[in-house]
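The next block holds one structure in the form of structure tokens; read it before the comments.
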2 protein chains.
Amino acid sequence: MTANDFNLSEFLPYKLSVLSSRITKMLSKVYGEEYGLSTPEWRVLVHVARREKMSVREIHDSVYLEKPSVSRAVAKLEKAGLLAKTTCDKDHRLVEIEVTDAGLDLFHGIVPEALAFEAALVSAFSDAERHQLHNLMERLHDVLDMLPNATRRPQMDSERPTALPNDASQPR
Amino acid sequence: MTANDFNLSEFLPYKLSVLSSRITKMLSKVYGEEYGLSTPEWRVLVHVARREKMSVREIHDSVYLEKPSVSRAVAKLEKAGLLAKTTCDKDHRLVEIEVTDAGLDLFHGIVPEALAFEAALVSAFSDAERHQLHNLMERLHDVLDMLPNATRRPQMDSERPTALPNDASQPR
DNA sequence: TGATAATCGTTGCAAGTGAAACGATTTTGA
DNA sequence: TCAAAATCGTTTCACTTGCAACGATTATCA
């Protein structure tokens, strides 16, 4: 019976989970030990840092984080002086979140380290292999999208208008 | 400045994490909603099901789970009648964990569904692409192993002697 | 216009997780 | 032989997470 041959360590969902966990754990040493950020905080900060003012929901839509996680991450980042929060004038339900100078400084310190880690990961890959990896991952997402009860997928970055790096005072 | 170009949605650790989370969430509907298992319980059950008696530490070494998670998963699975726990005669510190008939029944029901899900995931891949995916993942693990402060990697299945399938009364 | 529905961000709460500590047992080594 | 160290599985505790509910605000449309 085929069921008896089931081997967890060769099971793709498990393998992906283990690999992802190991990578996340290693990366978290960069933003965690050195900068005191949690994973949600890291994601929110780097996402907001290169954007215009954003609402919690917009971050929630763009980054793979639950709304409460975004809310709490933003609160902590604000307390740390890395983000600034204001209630929107046009719609008082919304908050406008933007990076501060201190947040941008931290961003500029942390991002090269994160990119170096990513570069180290794929250092042994050829360009073709890197492309292949991204292609295969993309196609796995496509399958998930087709499945019934498909779990939510964060918006692609290109689906939102890319804003200028934060210092510009933008007309509306 | 390169740091300003940082794009979270193209950052490999993030992409892997999102993909892995989506897949795990979909898979958990199989063993969760239908069979009432948590992820640690699912992993422990299917790992033990095709093995001889194992200790908590052996499961911890083989599966990517912390020792407390294994302990708690085993406790719940025992309470559910899916695993049996005995203190080892030779060494009273150890417990011998093995699957019960009920656990094996559940195993035989759940594994085909899990395999079907995995098959659906890679259904659009050629054999070469499947091999390529596993190869790329394996090489990412290799990089992680070389890194300083490398996080623990679970033992390969082949590094432990494969035990007989517990239910010998099932030819075919 | 006004009642209802929808949306926003936050909070409460239950469940899960990881690191450390613990008692029990075995191994080590003087 | 026996005290110290190591190992085992469990438990404790602080922390995180996801879901639902909430108050506040805005949108809908009869």
Side-chain angles (χ1 to χ4, degrees), chain A residues 17-18 20-22 24-26 28-29 31-33 36-44 48 53-79 83-98 149 151-152 154, chain B residues 17-18 20-22 24-26 28-29 31-33 36-44 48 53-79 83-98 149 151-152 154:
Chain A
S17 174
V18 170
S20 167
S21 294
R22 289 189 81 199
T24 295
K25 201 165 191 174
M26 285 300 296
S28 73
K29 293 189 178 184
Y31 54 68
E33 293 178 2
L37 300 180
S38 69
T39 298
E41 289 160 22
W42 147 258
R43 291 187 185 175
V44 167
V48 172
K53 298 177 177 179
M54 303 188 70
S55 69
V56 168
R57 194 192 53 77
E58 284 175 315
I59 300 175
H60 165 70
D61 285 343
S62 310
V63 181
Y64 195 76
L65 289 174
E66 295 302 318
K67 219 170 31 166
S69 296
V70 175
S71 178
R72 289 186 253 252
V74 167
K76 277 198 180 177
L77 291 168
E78 186 197 24
K79 188 168 233 174
L83 292 184
K85 242 170 65 178
T86 339
T87 55
C88 177
D89 287 340
K90 303 276 183 184
D91 186 340
H92 286 213
R93 293 172 302 181
L94 304 181
V95 294
E96 291 178 337
I97 301 162
E98 61 183 337
N149 305 328
T151 59
R152 170 180 92 82
Chain B
S17 175
V18 171
S20 166
S21 294
R22 289 189 83 200
T24 295
K25 201 164 190 174
M26 284 300 296
S28 74
K29 293 189 178 184
Y31 54 67
E33 292 179 2
L37 300 180
S38 69
T39 298
E41 288 158 23
W42 148 257
R43 291 187 185 175
V44 166
V48 171
K53 298 178 178 181
M54 302 188 71
S55 69
V56 167
R57 193 191 56 75
E58 285 176 314
I59 299 175
H60 165 69
D61 286 343
S62 310
V63 181
Y64 197 74
L65 290 173
E66 296 303 318
K67 219 170 32 164
S69 295
V70 175
S71 179
R72 289 187 255 250
V74 168
K76 277 199 182 178
L77 291 169
E78 186 198 23
K79 188 169 237 174
L83 293 183
K85 242 169 68 178
T86 339
T87 55
C88 177
D89 287 341
K90 303 277 184 183
D91 187 339
H92 285 212
R93 294 173 302 181
L94 305 180
V95 294
E96 291 177 334
I97 301 162
E98 61 182 336
N149 305 329
T151 59
R152 167 178 96 79

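So that the names make sense, note that chain A is the first sequence line, chain B the second, and so on, each numbered from 1. Because the structure is predicted, anything quoted here is derived from the model rather than measured.
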(message) Check the phosphate of C/dG16 against B/Lys76, side-chain N and O only, distance under 4.0 Å to OP1 or OP2. Yes or no?
(response) yes

(request) Would you indicate, yes or no, if D/dT16 has its OP1 or OP2 atom less than 4.0 angstrom from a side-chain nitrogen or oxygen of A/Ser69? (result) no

Give the rounded distance in Å between these two atoms: [atom1] of [X] and [atom2] of [N].
| X | N | atom1 | atom2 | result |
| --- | --- | --- | --- | --- |
| A/Leu65 | D/dC19 | CG | C1' | 16 Å |
| B/His60 | D/dT10 | NE2 | P | 13 Å |
| B/His92 | C/dT25 | NE2 | P | 8 Å |
| A/Glu66 | C/dC8 | CD | P | 15 Å |
| B/Asp89 | C/dT25 | CG | P | 14 Å |
| A/Lys90 | D/dA24 | NZ | C1' | 20 Å |

(request) Could you tell me which residues satisfy side chain to side chain contact (heavy atoms under 4.5 Å, CB included) with B/Ala75, sequence neighbours excluded, listed by chain and number? (result) none

(message) I'd like to check the salt bridge (Lys or Arg N to Asp or Glu O under 4.0 Å) partners of B/Glu66; sequence neighbours left out, ordered by chain and number.
(response) none

(request) Output all residues satisfying salt bridge (Lys or Arg N to Asp or Glu O under 4.0 Å) with A/Arg43, sequence neighbours left out; order by chain, then residue number. (result) none

(message) Can you confirm whether B/Lys29 is buried at NZ, in the sense that more than 12 heavy atoms of other residues, nucleotides or ligands lie under 6.0 Å from that atom?
(response) yes

(message) Which residues pass the side chain to side chain donor-acceptor pair (under 3.5 Å) test with A/Ser69, not counting sequence neighbours?
(response) none

(message) So, using side chain to side chain donor-acceptor pair (under 3.5 Å) as the criterion, who are the partners of B/Tyr31 when residues are at least two apart?
(response) B/Thr39

(message) Using heavy-atom distances to pick each residue's nearest nucleotide on DNA chain D, tell me which of A/Cys88 and A/Ser38 is more 5'.
(response) A/Ser38

(message) Walk along nucleotides 9-14 of chain C from 5' to 3' and tag each nucleotide B, S or - by protein heavy-atom contact under 4.0 Å, base first, then sugar-phosphate.
(response) BSBB--

